[in-house]
Amino acid sequence: MRKPIIAGNWKMYKNVQQTCAFFEEFLPLVSGSEHCDIVLCPTFVNLKSAVDHTAHTNVGIGGQNLFWEKEGAYTGEISAGMLTAIGCRWVLIGHSERRQYFGETDAAVGKKIGAALAAGLTPIVCVGELLAERERGNTHGVLETQFKDGIAPIGPENFAKIVIAYEPVWAIGTGKTATPEIAADAHRVIRRLVLESFGVSAAAQCRILYGGSVKPDNVKKLMVEEEIDGALVGGASLDPVSFASLVHF
Ligand code: PGA
C-alpha cells in the first residue's frame with residue numbers, strides 16, 4: 001500500500017507575512033488528516049517561518065532546490081545539509097522550470113538526489129516531456145532518458161528513498177491537465193523503467209505523483225487512478241482552502 005502525498009510547490013510566490021497567513025488558515029483545515037503525507041515547499045527565505053508554523057503538525061516542509069556540494073564558494077546556492085538543519089524533510093529536484101530556465105541537466109539531478117539523501121531529505125524528483133516532445137510521439141523516450149541518466153545511477157538502496165513526480169511540461173501552469181488516462185499511461189512507463197532497473201518490489205513501492213494544473217475540481221479523477229500516488233501542485237497550493245480541499249481528495 002503506497003501512502004499518497006499531496007505536495008505544494010510555491011515557486012517564487014509569497015513573502016514571509018503571506019507564508020504565515022497561509023499556515024494560520026491552512027493548518028486547522030487539515031489537522032488530523034493522516035491518510036496522506038502533506039508537504040509544502042516555500043521559497044528558501046520563508047523555510048524557517050514555514051518550519052516554525054508546522055512544528056508538531058502533520059505538515060512537512062521542503063526546499064524547491066539545492067546544490068550538491070556540502071559547502072563552499074558557490075554564491076547564491078544552498079546545500080542539502082542547510083535544508084535539514086533548518087527543519088526541512090523534503091526537497092524538490094529537477095523541476096521542469098529548473099531544467100528549462102536554469103539549465104539543470106539529468107547529471108545534475110542525479111548529484112542533487114545523492115546530496116539530498118546523504119543529508120536525510122526525501123527528494124521529490126520531477127520528470128516530464130515538453131509539448132513538442134509529446135507531439136513528436138517521444139514522451140516515452142524522454143521519460144526513459146530522464147530516468148536512466150538522472151535517477152537510475154543512484155542505485156537500488158537510494159532509489160527506495162525517493163519519490164518521483166511526473167509533470168508534463170505542457171500541463172504546468174497552463175490549465176491543461178493531462179487526462180487521468182494520459183497521466184496513468186506515463187506513470188506506467190515510469191514504473192516499468194523502475195522495474196527494469198530495480199526489480200518488482202521497488203516498482204510496486206515507488207510513489208509516483210502527478211503534477212500539472214491539479215485543481216480541486218480534477219483531483220478526484222486523477223487520484224482514483226491506481227497508478228497515481230499523489231499530486232505535486234503549483235497554483236492551487238497557494239490558497240489555503242484550495243490546497244486543503246486537495247488534501248481531502
Ligand atoms: P501547476 O504547477 O499546478 O501550477 O500547474 C505544477 C508544478 O509546477 O509543480
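One-based numbering, in listed order, for ligands and for the atoms of each.
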>> When you measure from the heavy atoms of H95 to every atom of ligand 1, does any distance fall below 4.0 Å?
In response: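 Checking ligand 1 against H95, which is what was asked, there is a heavy-atom contact under 4.0 Å.
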> What are the two closest heavy atoms between A178 and P168, and how far apart are they?
Replying inline: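 It is CB-CG, 4.2 Å.
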Is there a nitrogen or oxygen of [X] sitting under 3.5 Å from a nitrogen or oxygen of ligand 1?
X: E167; result: yes
X: A236; result: no
X: K11; result: yes
X: I172; result: no

>> Give the atom numbers and elements of ligand 1 that come within less than 4.0 Å of a heavy atom of G234.
In response: 1 (P), 2 (O), 3 (O), 4 (O), 6 (C)
Under 4.0 Å between a Lys/Arg side-chain N and an Asp/Glu carboxylate O for [X] and [Y]?
X: D37; Y: R89; value: no
X: E129; Y: R134; value: yes
X: R99; Y: D106; value: yes

> Which is it for A171 and ligand 1 at heavy atoms under 4.0 Å: side chain, backbone, both or neither?
Replying inline: backbone
> At a non-hydrogen distance cut-off of under 4.0 Å, which region of N9 contacts ligand 1 (side chain, backbone, both, or neither)?
Replying inline: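 Only the side chain of N9 comes within reach of ligand 1.
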>> Please verify the inter-ring angle class for W10 with F23; under 30° counts as parallel, over 60° as perpendicular, anything in between as tilted.
In response: tilted
> To which of A7, G211, A165, G173 does the heavy atom nearest atom 5 (O) of ligand 1 belong?
Replying inline: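 The nearest heavy atom belongs to G173.
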> Can you list the steps and then say if S79 with E71 is a side chain to side chain contact (heavy atoms under 4.5 Å, CB included)?
Replying inline: CA-CA 7 Å; S79 75; E71 61 180 11; 5.9 Å; no
> Looking at atom 4 (O) of ligand 1, what's its closest protein heavy atom, distance included?
Replying inline: G235 N, 2.9 Å
> For K221, does the NZ atom have more than 12 heavy-atom neighbours from other residues, nucleotides or ligands under 6.0 Å away?
Replying inline: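 Incorrect, the count does not exceed 12.
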